[in-house]
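Every chain is numbered from 1 and lettered A, B, ... according to where its sequence line falls, protein lines coming before strand lines. Because the structure is predicted, anything quoted here is derived from the model rather than measured.
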Number of protein chains: 2
Amino acid sequence: MRPSTLIKRQKIISAATQLFFKQGYPETTLDQIIEQCGGSKQTLYRYFGDKKGILNEVITQGTEEMKSVFQFENDSDTALIKQLNEFGYLYIKTLCSPQLLNMHRIVITESRRDPELAEFFLSRGPQHFHRILTEFLLQQAEQGKLNINKAPLAATRLLGLLKGDFFQEALVGLPCPSEQEIHKSAQQAVKFFLQGCSAPD
Amino acid sequence: MRPSTLIKRQKIISAATQLFFKQGYPETTLDQIIEQCGGSKQTLYRYFGDKKGILNEVITQGTEEMKSVFQFENDSDTALIKQLNEFGYLYIKTLCSPQLLNMHRIVITESRRDPELAEFFLSRGPQHFHRILTEFLLQQAEQGKLNINKAPLAATRLLGLLKGDFFQEALVGLPCPSEQEIHKSAQQAVKFFLQGCSAPD
DNA sequence: AACTTATTGTACTGTTCGGTACAGTACATA
DNA sequence: TATGTACTGTACCGAACAGTACAATAAGTT
């Protein structure tokens with residue numbers, strides 16, 4: 001494969017990503033994609049087979065980017081609550097970002113036709129946050145800083161509290177919360193979470 | 001308006017509801033609706049104007065039904081935790097029912113074109129639960145059975161915990177939880193909630 | 001340069017589907 | 001039984017759009 005081919009391929013994906021996330025998947029026509037990135041429809045079919053092939057690539061790359069959003073510091077000096085607050089903030093912010101909201105919407109719609117898409121998206125996107133949070137909580141519990149005996153369940157609790165405030169509303173198109181609101185909401189949810197953890201499961 | 005007209009109208013709505021919730025809104029054609037309930041396309045346009053007019057009616061009636069799902073007993077003898085457990089169970093069950101999931105999906109997709117649809121659906125559907133829970137919590141707090149000073153926020157917390165386990169996954173098409181799982185999940189969430197309430201906001 | 005392979009642009013196909021036109025039929029009311 | 005209104009069935013229109021055919025052209029390779 002020529003290097004120019006790879007560049008072109010990436011251009012198509014970028015254009016498609018932009019359009020899918022702005023207008024939605026069924027609303028975006030192949031001609032629009034081409035108009036944006038140049039080239040010919042024929043090329044598009046050569047690279048991706050069909051329209052859904054493009055979508056798969058868009059979701060793949062989109063979720064890939066998400067993974068780099070957050071990592072817990074392995075710094076045992078930083079206070080637990082501070083780390084959780086930071087995590088909560090980034091979680092809400094990411095989940096309510098136009099990009100992830102649109103990906104969610106597309107997956108919700110298209111998963112009917114392609115159930116694998118849903119699992120793929122979930123495990124790479126939202127569940128990624130669950131995994132790293134679980135790992136962190138487990139580690140904190142082992143160090144005696146946190147009183148939980150089922151880390152995955154505890155992670156679900158915290159994520160639920162964090163999602164609770166805005167996610168459902170944002171998904172149906174209500175305006176996203178401001179930075180300040182996200183910060184405040186994350187802090188309150190974390191506080192509530194830690195209080196809830198004070199008794200055994 | 002003749003009585004037969006009302007019956008016919010209702011038949012169309014029922015057929016549309018069934019098809020929309022089974023296949024989705026864009027996937028359902030007007031001809032399919034007619035095939036199911038008899039009559040003519042012309043009648044359909046006479047009653048509802050266009051396809052979106054049918055959808056509005058479907059959402060209206062669908063949310064209306066939901067309101068009758070749950071009411072707190074005004075029985076101060078029944079234990080708080082028992083009432084919350086029952087509420088939690090019905091909340092998860094309703095939210096993860098095929099009917100409400102499909103309504104959610106449709107609203108998520110269509111709200112782009114019709115933002116009012118989202119607000120309409122939210123306030124009649126999901127936020128209805130928030131309202132009655134808030135009212136109940138307020139009442140319990142006044143009776144000194146619960147230590148909260150911001151009932152709406154507390155309601156958001158509990159609903160977040162309840163949603164947390166299954167909602168996001170169910171929305172993208174993963175299999176719905178069993179009765180048992182819902183029961184267990186509701187109980188655990190309620191317990192966590194009450195623990196979290198033990199400190200002031 | 002000669003040759004091969006990848007790419008482009010344009011035009012086209014086939015189909016789906018919301019919406020309309022219209023002629024004919026049931027139905028209610030008087 | 002006469003008359004106007006509501007309904008039905010069928011056929012059609014027009015637009016949108018995924019996907020294809022193909023001839024012309026650019027880009028690599030030797």
Please output the side-chain donor-acceptor pairs of residues 170-182 of chain B that fall under 3.5 Å, not counting sequence neighbours, one pair per line with the distance.
| residue | atom | partner | partner atom | Å |
| --- | --- | --- | --- | --- |
| B:Ser178 | OG | B:Glu181 | N | 3.2 |
| B:Ser178 | OG | B:Glu181 | OE1 | 3.3 |
| B:Glu179 | OE1 | B:Tyr89 | OH | 2.3 |
| B:Glu179 | OE2 | B:Lys93 | NZ | 2.6 |
| B:Glu181 | OE1 | B:Ser178 | N | 2.8 |

Whole Å only: how far is the CD atom of B:Glu35 from the P atom of C:dC17?
13 Å

For B:Leu194, the side-chain contact (heavy atoms from CB on, under 4.5 Å) test, sequence neighbours excluded, returns B:Leu80, B:Ile81, B:Leu84, B:Leu146, B:Val190

Does NZ belonging to A:Lys22 count more than 12 external heavy atoms closer than 6.0 Å?
no

According to a strict under-4.0 Å criterion, is A:Lys8 in side-chain N/O contact with OP1 or OP2 of C:dT8?
yes

Atom-pair distance (CD1 on A:Ile34; P on C:dT10), nearest Å
12 Å

Roughly how bent is the helix from C:dA1-D:dT30 to C:dA30-D:dT1 end to end, in steps of 10 degrees, with each end axis from five pairs?
20°

Where along residues 15-33 of chain A does a heavy atom come under 4.0 Å from DNA chain C, residue by residue in number order?
none

Can you tell me if the side-chain N/O atoms of A:Ser40 get under 4.0 Å from OP1 or OP2 in D:dT25?
no

Sequence neighbours excluded, the answer for side-chain contact (heavy atoms from CB on, under 4.5 Å) partners of A:Lys145 is A:Ser76, A:Gln140, A:Gln143

What residues form a ring pair (Phe, Tyr, Trp, His ring centres under 6.0 Å) with B:Phe21, not counting sequence neighbours?
none

For residues 41-50 of chain A, which residues have at least one heavy atom under 4.0 Å from DNA chain D?
A:Lys41, A:Gln42, A:Tyr45, A:Asp50

Nearest whole angstrom, please: distance from the C1' of D:dG28 to the CD1 of A:Ile7.
15 Å

List, one per line, each side-chain donor-acceptor pair under 3.5 Å for residues 118-126 of chain B, sequence neighbours excluded.
| residue | atom | partner | partner atom | Å |
| --- | --- | --- | --- | --- |
| B:Ser123 | OG | B:Glu119 | O | 3.3 |
| B:Ser123 | OG | B:Phe120 | O | 3.4 |
| B:Arg124 | NH1 | B:Glu64 | OE1 | 2.7 |

Applying side-chain hydrogen bond (donor to acceptor under 3.5 Å, both in side chains) to A:Thr17 and not counting sequence neighbours gives none

With sequence neighbours left out, write down each residue that passes side-chain contact (heavy atoms from CB on, under 4.5 Å) with B:Thr156, or none if nothing qualifies.
A:Asp165, B:His130

Keeping B:Glu57 on the side-chain end and B:Ile54 on the backbone end, is there a donor-acceptor pair under 3.5 Å?
no

Name the closest nucleotide to the B:Thr5 side chain, picking from D:dA6, C:dT7, D:dG19.
D:dA6

Please list, chain by chain and in numerical order, all residues satisfying side-chain contact (heavy atoms from CB on, under 4.5 Å) with B:Asp114, sequence neighbours excluded.
B:Lys52, B:Asn56, B:Glu116, B:Leu117

Sequence neighbours left out, what pairs pass side chain to side chain donor-acceptor pair (under 3.5 Å) with at least one residue falling in residues 33-46 of chain A?
A:Gln18-A:Gln36

